[in-house]
Amino acid sequence: MKRFDIVTLESPNRAPLRIEGFLFGEENSKGASIAIVGAMSGDHINQLYVASGLVEYLRIKEEEGKIIGKILIIPAVNAYALNMGEKNWPLDKTDLNMMFPGYHQGETTQRIAARLFDTLKGYKYGVILEGRRDQGMCLPYVKLIKSGYEDLECVKDLGISFIHYRPYEPIETAMLQYNWQLWETKAFSIVFGKNGAIDHNDSDEVHTSLVRFLSKRGLLEHTVFEGRTSNIIDPHNMTLLKASRAGIFISKIRCDTHVEKGEKLGKIIDALTGKRVEDIIAPCEGIVTCQYSHPLIFQNSIAFRIASIE
Amino acid sequence: MGVIEEVFTIDLPVGENFRIQRCRYTSPNAKVENEKRISIVSGIHGDELEGQYLCFLLGEWLRTNSEKIRGVIDIYPAINSLGLDSISRSIPFYDVDLNRAFPGSKNDFLPAQIADGVVNAMRGSDLAIDIHSSNVFLREIPQVRIAKSQEETLVPLANLLNIDFVWVHDAVTVLESTFAHAMNTIGTKTLVVEMGVGMRLGKAYGHQLLDGLLNLMAHEGILDIEPLDVRFPIQSHVGEVAYLNASVPGLFVPVIEHCQMVAIGEVVGHIVSALSGEVLDEVIAPIGGILFTLRAYPIVYEGSLVGRIFGEHQ
Ligand SMILES: [Zn+2]
């Protein structure tokens with residue numbers, strides 16, 4: 001294992017920012033190569049946990065001589081934010097994952113992104129461990145955008161239940177996945193968990209699926225159990241259940257629950273009177289992939305997302 | 001007198017509504033043929049207040065000159081009302097920049113619903129003026145920024161606004177999620193004004209832009225007044241913009257005031273170390289011209305923008 005600084009940046013008053021990389025296998029290996037990027041936001045704790053767990057796992061595998069290709073893990077990109085409970089870059093509040101491909105002559109976070117991206121270019125596979133961009137929690141799923149350079153086949157080797165495969169939105173052109181794909185890395189994101197917390201089930205599942213991917217794609221000598229057969233879903237397969245009222249949100253189910261039409265999934269209570277103001281009922285059969293995770297809910301917030309095959 | 005209306009409201013979890021209000025001024029006479037409608041918008045970013053002052057000045061003018069009105073004038077001083085009352089640039093709780101959430105959707109999270117509500121409230125306006133005051137880091141002279149694709153339609157309107165600078169820039173895909181892009185797409189000619197600095201009020205800029213707005217509305221037939229004698233802005237195509245980025249982290253101390261002319265090679269400011277007492281770097285003007293952007297917040301990292309100079313081609 002080689003531990004090294006990918007980016008260092010001096011600060012006016014605090015200790016320098018260091019984005020550290022952990023490299024396994026031969027630097028000039030003829031085998032495949034993969035880079036896995038962890039917490040880009042200060043609240044992506046699950047992502048940090050999975051990435052650092054993978055560093056420890058691969059350290060042992062390397063001692064056993066099991067690494068075939070070249071594997072780079074970057075557990076924390078935005079350590080500055082992680083260390084102070086911020087989400088974004090602490091001074092100007094920009095989101096590092098909105099700064100790609102970066103710009104060496106630009107603003108601070110554009111420079112950080114550019115330096116990081118220089119290191120990430122050229123890998124065959126690229127994995128971004130992402131948190132949610134809303135107040136939800138979800139089953140681990142793969143987010144694969146249609147940039148024209150994406151590779152759906154390789155993503156199936158993760159054995160994750162759902163692959164959300166869809167066109168990209170304008171703001172996603174500034175994100176790592178899109179730019180990494182344009183540079184011909186087979187890049188995808190695994191979105192999971194709840195921001196600011198660690199979910200052990202989800203983290204274990206993502207860890208296992210990454211190990212499976214490494215094994216199936218010839219980066220790691222290790223026999224793995226088969227994963228699930230992935231369901232490829234697009235926005236048409238998703239039913240969004242919104243809260244029609246604001247208040248205190250009580251969920252009755254866990255993500256990954258298979259629900260029947262008419263099943264009660266949760267309720268909303270008036271935050272001042274304690275009166276129940278809404279029952280949230282499944283309008284169709286399917287699997288709950290995502291739910292609102294904050295105890296206070298806003299009117300029209302999405303309380304549950306249900307994936308259906310029909 | 002304007003009519004105050006609530007155009008968007010949504011329940012917050014604990015006994016409160018999030019609301020967007022507007023004050024609408026209409027022609028006091030009988031219905032005007034083909035009357036035009038304009039929306040004046042401020043506070044999409046909760047830390048920007050110059051637009052609020054402009055809204056006040058315009059409202060004050062309209063209250064005393066209501067007989068001049070020949071169209072519909074809507075004033076929306078506070079889009080991100082939660083953020084304005086709490087110094088939060090983004091939508092609180094979600095921490096999302098509202099100006100990256102357009103056109104929005106009813107089926108999405110709160111910021112997208114607010115964006116959708118804003119678009120629907122203003123849908124049908126002929127014109128919209130979206131007033132920003134940079135951010136807390138940079139101070140700007142009054143300017144309008146226009147995407148290249150909108151140059152032909154919008155530059156002639158911007159030239160009426162009594163501003164100092166019209167900056168036509170290459171559109172980046174990310175900017176498709178802004179208010180201005182969403183409104184221009186549905187046929188409302190929308191100008192983005194940047195002036196001043198975040199969290200502060202510069203009275204002079206408010207009065208300058210008020211004259212510009214009155215002039216624009218006179219030209220558009222929304223006000224029955226003589227056009228004003230306004231300044232003609234510098235056009236970005238006649239020159240180039242040079243960016244001054246900090247080369248080292250430290251404390252930026254300007255030596256030249258905002259909005260001054262600088263010569264090539266002139267020192268714009270210093271970056272100093274508060275700890276060692278050293279001057280770490282001199283910020284030098286790479287071109288001559290007007291210093292139209294100057295850093296207001298002194299802490300800088302490597303890369304932090306400290307100024308922008310516009311220089312005309314020789
Ligand atoms: Zn703004």
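In what follows, every chain begins at residue 1, and chains take the letters A, B, ... in the order their sequences are listed. In this text, all values refer to a predicted model and were calculated from it rather than measured experimentally.
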Exercise. Would a 4.5 Å heavy-atom cut-off, applied to side chains only, mark B/Asn245 and A/Arg111 as touching?
Worked result: yes
Problem set entry | Which atoms of A/Leu272 approach chain B - backbone, side chain, both or neither, heavy atom under 4.5 Å | side chain
For this session: Identify which part of A/Gln105 has an atom lying under 4.5 Å from any heavy atom of chain B, answering side chain, backbone, both or neither.
Result: backbone
For this session: Could you look at A/Asn13 and say if it's the side chain, the backbone, both or neither that has a heavy atom under 4.5 Å from chain B?
Result: side chain
Problem set entry | Interchain contact, B/Leu275 with chain A, by part (heavy-atom threshold 4.5 Å) | neither
Problem set entry | Per-residue contact mode, A/Tyr292 against chain B (heavy atom under 4.5 angstrom) | side chain
Exercise. Salt bridge between B/Glu302 and A/Arg115, side-chain N to carboxylate O under 4.0 Å?
Worked result: yes
For this session: Indicate the atoms forming the closest heavy-atom contact of A/Ala246 with B/Asp11, along with that distance.
Result: CB-O, 3.5 Å
Seminar exercise, completed: So, the part of A/Asn88 with a heavy atom under 4.5 Å from chain B: the answer is side chain
Seminar exercise, completed: For B/Val300 and A/Pro12 the tightest heavy-atom approach is O-CG, 3.0 Å
Exercise. According to the interplanar angle, ranging from 0 to 90°, do the rings of B/Phe93 and A/His294 count as parallel (below 30°), tilted (30 to 60°) or perpendicular (above 60°)?
Worked result: perpendicular
Seminar exercise, completed: dist B/Gln113:CD -> A/Asn300:CG (nearest 0.5 Å) comes out at 4.5 Å
Seminar exercise, completed: For A/Ile297 and B/Pro13 the tightest heavy-atom approach is O-CG, 3.2 Å
For this session: Ignoring hydrogens and angles, tell me if any N or O in the side chain of A/Lys242 forms a donor-acceptor pair with the backbone of B/Lys106 under 3.5 Å.
Result: yes
Exercise. How long is the gap from CD on A/Glu107 to OG on B/Ser304, to the nearest 0.5 Å?
Worked result: 5.5 Å
Problem set entry | Contact origin within A/Leu91 toward chain B - heavy atom pairs under 4.5 Å | both
Exercise. Which atoms of B/Ala246 come close to chain A, meaning under 4.5 Å heavy atom to heavy atom: side chain ones, backbone ones, both, or neither?
Worked result: backbone
For this session: Kindly give the heavy-atom pair with the smallest separation between B/Pro249 and A/Ser11, and that separation in Å.
Result: CB-C, 3.7 Å
Seminar exercise, completed: Closest non-hydrogen atoms of B/Tyr301 and A/Leu9, given as atom of the first, atom of the second and distance, are CD2-CD2, 3.8 Å
Problem set entry | CD1 on A/Ile302 to CG on B/Leu110, rounded to 0.5 Å | 11.5 Å
Seminar exercise, completed: Interface check, chain A: of B/Gly15, B/Gly303, B/Ser177, B/Ser273, most non-hydrogen pairs under 4.5 Å belong to B/Gly303
Problem set entry | Validation row, ring centre B/Tyr94 to ring centre A/Phe298 under 6.0 Å | yes
Exercise. How long is the gap from CG on B/Asp95 to CG on A/Asp134, to the nearest 0.5 Å?
Worked result: 13.0 Å
